[in-house]
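Take a look at the structure set out below.
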Amino acid sequence: MPGLMARRQYPFHLIEPKWQARWAAEQTFRAFNPGELIPADHPFGLRHGLAGRTARPRELPPKCYILDMFPYPSGAGLHVGHPEGYTATDILARYRRARGWHVLHPMGWDAFGLPAEQYALRTGQHPRVTTARNIATFRRQIQSLGFSYDWTREVDTTDPAYFKWTQWIFLQLYHAWFNPATQRAESLDTLPIPSDCDTEAGRRAWRDAHRLAYVSEQPVWWCEALGTVLANEEVVDGKSEVGGFPVVRRPMRQWMLRITAYAERLLRDLDLVQWPDSIKEMQRNWIGRSEGAEVVFPIVPPEPAPPPPELRAANGAETIRVFTTRPDTLFGATYMVLAPEHPLVDRLTTPAQRPAVEAYRAAAARKSDLERTELAREKTGVFTGAHALNPATGARIPIWIADYVLLSYGTGAIMAVPAHDTRDLEFADKFQLPVVQVVQPPDPATDWRGFVDDGTAVNSANAEISLDGLPTAEAKRRITAWLEAKGLGRRTVHYKLRDWLFSRQRYWGEPFPIVWRRDADGTLYHEAVPEDALPVLPSELDDYKPTPDGQPPLARAHDWVRLPDGAMRETNTMPQWAGSCWYYLRYLDANNCRRFVHPAAEKYWMGAANSKSEIRNPKSPAPGVDLYVGGTEHAVLHLLYARFWHKVLYDLGHVSTPEPFYRLVNQGLILGEDGQKMSKSRGNVVNPDHILRDYGADAFRLYEMFMGPLEMVKPWSTKGVEGVYRFLGRVWRLFVDEQSETALEHAETTDGPRPDPAILDLIRLSPAIQELAPTPAQWKALHACIKKVTDDLEALRFNTAIAALMIFVNEAMTWPTRPVAVLRPFLQLLAPFAPHLAEELWQRLHLALGQTPTCLTYAPWPEHDPALLVEDQIEIPVQVNGRLRDKLCVPADLPPAELERAALTAPKVQPFLAGKTVRKVIVVSRKLVNVVAT
RNA sequence: GCCGGUGUGGUGGAAUGGCAGACACGAGGGACUUAAAAUCCCUUGGCCAGCAUUGGCCGUGUGGGUUCAAGUCCCACCACCGGUACCA
């Protein structure tokens, strides 16, 4: 009971559980797959003439797949941010059902993850137990909000029946390679094996080197505190994204996924989807495509040897390859820099410089990444003593090492053009290296030193080629062609995107369906677990810690690791992203134990239409998920990983669209009442359970949508909840007889603490509600509301749709009689927003009229009649020189000439025209008149 | 630094280039009540004038511009939020 609260506005505590129970019992929101039997009494079947039938895909209405980002069920329970997106999608799902679409609206749990495992480390309680408890809490909370999910499709990523298919998809990656010729993933069977791979081991190594899932000994981010490695994406500012613990670089054997092969398609196909520009831009930046050239710099042999006249990198001479986006500045390259870890450093360094170089390399290796970024501004570096030849100028240029050059990007080496690169200039200034201008800025007043934009090439000529006078773009083309002709370089495209580090040293994740064996030579190799042996279940453990030597927790389960035939199981597990990469596909056929999804279900719900024309047609179902709503925190990682998996599955013929999520909308963050981000330490966290208890689910939902535009960041206001709650109270009183309400309250007090919803039958309709013809004003109020709400729903403008409902109710409250013909459609408009209250009043209304109540969920959405909105008298503002002076009430069809005359003669306008000449009169038909007078 | 977003009353927010502030919150006043709560009604951007239901001026982060007309379009800038960063 709301102790401190005032009198309850309406009996939501009886209404909401009643309808939730009924929806659950009748499976009201169940979606049907092609070939599935639609029960004879199901309202979806009744509406579409499919009751009691097994519908073929073509007989089903157009599909609409409305998806939420499924939550991680944390121990803290639901947060008020969760229902924001869920309410938006629920409103849209209910609206689309009313409009006749076949809506798929599912929910599930992204339940692998660190917190349950860390809890297990402390208490010894199996993560499965914690997870199950948290899921139960989340499910209860979400269900108490009355969302129209099809719970028969609920998924849980930790359920073996689910992760069996996560492992299966991993095997698809494992058994595939990316064919550069077709730019697609293909079965490993199509991989050409070079003839010099003449041993079984050689062929195996070749195949392993091409798999989309491969093993690599790589420097990785190791987090001591978490006892695991992390993906690049999970390391923020040199600390773990989860918990903020220090991380260090360490070489380890890891599973990697070859996402870089898809860089170009991941970039290009952003054009196929309707996502916010900011998210597309973040993905583009993450992929980080840059066009340029690879250039080969010959190394000058140590000691006297004069520079060879030939610039060709032939005869086995050592070379340094660099990547540059500005090959046009090659003539200005006055020195080179290698990353300290670059493999050539050892061989290049002269004896005299070796001590300095070794010291610098050791210092760089010790630096945590945090230090490297924080101390980023001041350039450091050491001369190796070696020189290279600038292939354009033939000049001997010194080779340095410096940690501003990263081994992981490009080739790990750069040509430094200090005149036209900010970092190179800083470095050159510090170490007194020569600076040569090779680009002239378009504006002669601009200082060429440090000018990094496009301009005109200067000082760029040798015996064979001249770039002088060419604009940057042309100069790039010319020099690249010259380099290619001389075999000194080639056009290249580089990406920032790295391959995806896919293994974790954790317990609470999907085990890899992989075993390790030794061949006759004793060489270790990996091999897939056969499909019919899936799922690979993790072993039970007593201790969830990693082993002291850094082996994953599963390594403790010796019996589990060692198979009878001597093979050893992989003990790493997959990262949490794995389960969320494909859950939207499992929803399509969540209970299928023979396939990850039946092709017919996949084709129907994801839509086989994928030609451009069909994508652009708003009338046809979207290819893929029609609407995906979630927070921006997944702008890069989840959305990029899921797109990658989807594309692999698409290439291998398992799904029919190139992109998974056609339309994406990000809900904005909800801040605390103080305008700050909600956090336990600030004490400004709003508990949804309390809101639900005090105001009910409908008010909660309505408030979250009324706060402002969905995408916007906005602060919580409990006062605001009271506002929409009062609105729902007015709706209730619009329909209900006050006397009967008193009877209900009386019955409730005698009925004890848990009253039976059946006492709602004591409610009588207000005597003002009658079956009589509405007045024109009443028709207009309704149809204006229908139009506004419908338009706003189509554009996801929920806040203004609710305002329209309020305007209608405020007006309807003043009517002495309330025609059923107006109130009934109003309930349909209200239903997506406040479904419990709408259903209850809908039922009461029909019972009072002696009609059998139909299911409001599937009642066809009302259409507005433009004829009813036509005004015969309209108000026209009259301006003089752009300032409002009067308003005229005129017939709507008044001709412009007459409107102009009326405006000029209007009494309030006259004084402002006195002594002036009318120069011009702008008459905007049905809008306004503006008189220009001087 | 770069990329993206946002700046409108006391507050959340409305406004296809055409009456700025819809709808709500808060506040003030009134009705009902023994009283309070709830409910209902009125007022509510600022300044100035007036007994007056009124009238005038100013107002959408700042400065310019386009236009009969700008919160909305263009240019320059400022502030805040989010992302990202020696990416060659």
Side-chain angles (χ1 to χ4, degrees), chain A residues 5-9 236-237 276-282 284-286 288-290 292 322-326 329 337 339 372-373 375-379 402-406 408-417 421-424 426-427 452 494-497 632-633 635-636 666 668-669 671 675 677 703 706-709 711-724 726-727 729-730 733 738 788 797 799-807 810 813-814 875-887 908 911 919-924 926-933:
Chain A
M5 279 252 324
R7 185 175 175 278
R8 185 157 34 225
Q9 290 275 343
V236 178
D237 288 339
D277 286 339
S278 60
I279 303 295
K280 286 193 184 185
E281 202 52 29
M282 282 159 80
R284 286 193 194 102
N285 291 340
W286 197 264
R289 182 184 200 273
S290 46
V322 303
F323 173 69
T324 177
T325 52
R326 295 293 301 267
T329 63
V337 186
R372 269 205 189 188
T373 44
L375 306 172
R377 295 281 64 98
E378 186 64 16
K379 294 282 177 290
D403 64 3
Y404 83 90
V405 173
L406 309 175
S408 53
Y409 186 79
T411 61
I414 62 160
M415 65 177 209
V417 184
D421 182 282
T422 320
R423 299 148 303 177
D424 295 346
E426 272 175 49
F427 192 81
V452 298
H494 266 277
Y495 300 91
K496 258 183 359 187
L497 187 68
T632 28
E633 67 272 22
V636 182
N666 288 117
L669 200 66
L671 305 173
K677 203 167 170 173
Y703 173 64
F706 189 58
M707 292 170 86
E711 297 96 324
M712 214 181 249
V713 179
K714 41 210 178 283
W716 180 267
S717 158
T718 300
K719 284 289 186 192
V721 187
E722 281 178 32
V724 293
R726 278 201 288 265
F727 161 70
R730 281 202 298 283
R733 291 192 298 276
E738 283 183 53
K788 179 73 176 150
R797 288 188 302 246
N799 54 331
T800 49
I802 293 166
L805 294 170
M806 288 174 167
I807 290 168
N810 288 347
M813 289 297 276
T814 66
E875 201 182 53
I876 299 287
V878 180
Q879 300 178 334
V880 178
N881 293 329
R883 315 179 73 103
L884 179 69
R885 295 307 176 186
D886 200 1
K887 292 177 185 181
K908 288 186 187 166
R919 304 284 174 194
K920 197 173 174 185
V921 182
I922 288 106
V923 180
V924 183
R926 303 179 58 87
K927 280 277 188 210
L928 125 164
V929 179
N930 189 10
V931 182
V932 186

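Only a predicted model underlies this, so the values are computations on that prediction, with no experimental measurement involved. Below, chain A is the first sequence line, B the second, and so on; all start at residue 1.
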- Query: Considering residues at least two apart in sequence or located in another chain, which fulfil the ring pair (Phe, Tyr, Trp, His ring centres under 6.0 Å) criterion with A:Tyr703?
  - Reply: A:Trp716
- Message: Check this for me: A:Arg926, atom CZ, are more than 12 non-hydrogen atoms of other residues, nucleotides or ligands nearer than 6.0 Å?
- Response: no
- Query: What residues form a side-chain contact (heavy atoms from CB on, under 4.5 Å) with A:Lys908, not counting sequence neighbours?
  - Reply: A:Asp886
- Task: Taking ring pair (Phe, Tyr, Trp, His ring centres under 6.0 Å) as the test, write out the residues that go with A:Phe427, two or more places apart.
- Result: A:Tyr335, A:Trp400, A:Tyr404, A:Phe431
- Message: Tell me every residue that passes salt bridge (Lys or Arg N to Asp or Glu O under 4.0 Å) with A:Arg885, counting only those two or more places apart in sequence or in another chain.
- Response: none
Distances for protein N/O vs nucleotides 64-72 of chain B N/O pairs under 3.5 angstrom?
from	atom 1	to	atom 2	distance (Å)
B:C68	O2'	A:Asn930	ND2	3.3
B:C68	O2	A:Asn930	ND2	2.7

- Proximity to the side chain of A:Lys719 - top-ranked nucleotide from B:C57, B:C25, B:U84: B:C25
- Query: side-chain contact (heavy atoms from CB on, under 4.5 Å) with A:Glu633: which residues, sequence neighbours excluded?
  - Reply: none
- Task: Find which nucleotide of RNA chain B each of A:Thr632 and A:Thr411 is nearest to by heavy atoms, and output the residue with the more 5' nucleotide.
- Result: A:Thr632
- Item | Any residue meeting side-chain contact (heavy atoms from CB on, under 4.5 Å) with A:Lys714, in chain and number order, not counting sequence neighbours | A:Glu84, A:Met707
- Note on the structure: Sorted by chain and number, sequence neighbours left out, salt bridge (Lys or Arg N to Asp or Glu O under 4.0 Å) with A:Arg726 holds for none
- Message: Test of understanding: with side-chain contact (heavy atoms from CB on, under 4.5 Å), list the residues that count as partners of A:Leu928, not counting sequence neighbours.
- Response: A:Pro877, A:Gln879, A:Val924
- Could you run through RNA chain B and flag its stems, i.e. three or more consecutive Watson-Crick or G-U pairs with both distances under 3.5 Å? B:1-7 with B:78-84, B:10-12 with B:23-25, B:26-31 with B:39-44, B:45-49 with B:54-58, B:61-65 with B:73-77
- Starting at atom OH of A:Tyr409, determine the distance to atom P of B:A88, rounded to an integer number of angstrom. 4 Å
- Message: Measure CG/A:Leu884 against P/B:G18 and give the value in whole Å, please.
- Response: 15 Å
- For each nucleotide in nucleotides 4-14 of chain B, reading 5' to 3', give B when a protein heavy atom comes within less than 4.0 Å of its base, S when such contact involves only the sugar-phosphate, and - otherwise. S-------BSS
Dump the pairs, protein N or O against N or O of nucleotides 58-60 of chain B, anything under 3.5 Å, distances to one decimal.
from	atom 1	to	atom 2	distance (Å)
B:C58	OP2	A:Arg883	NH2	2.1

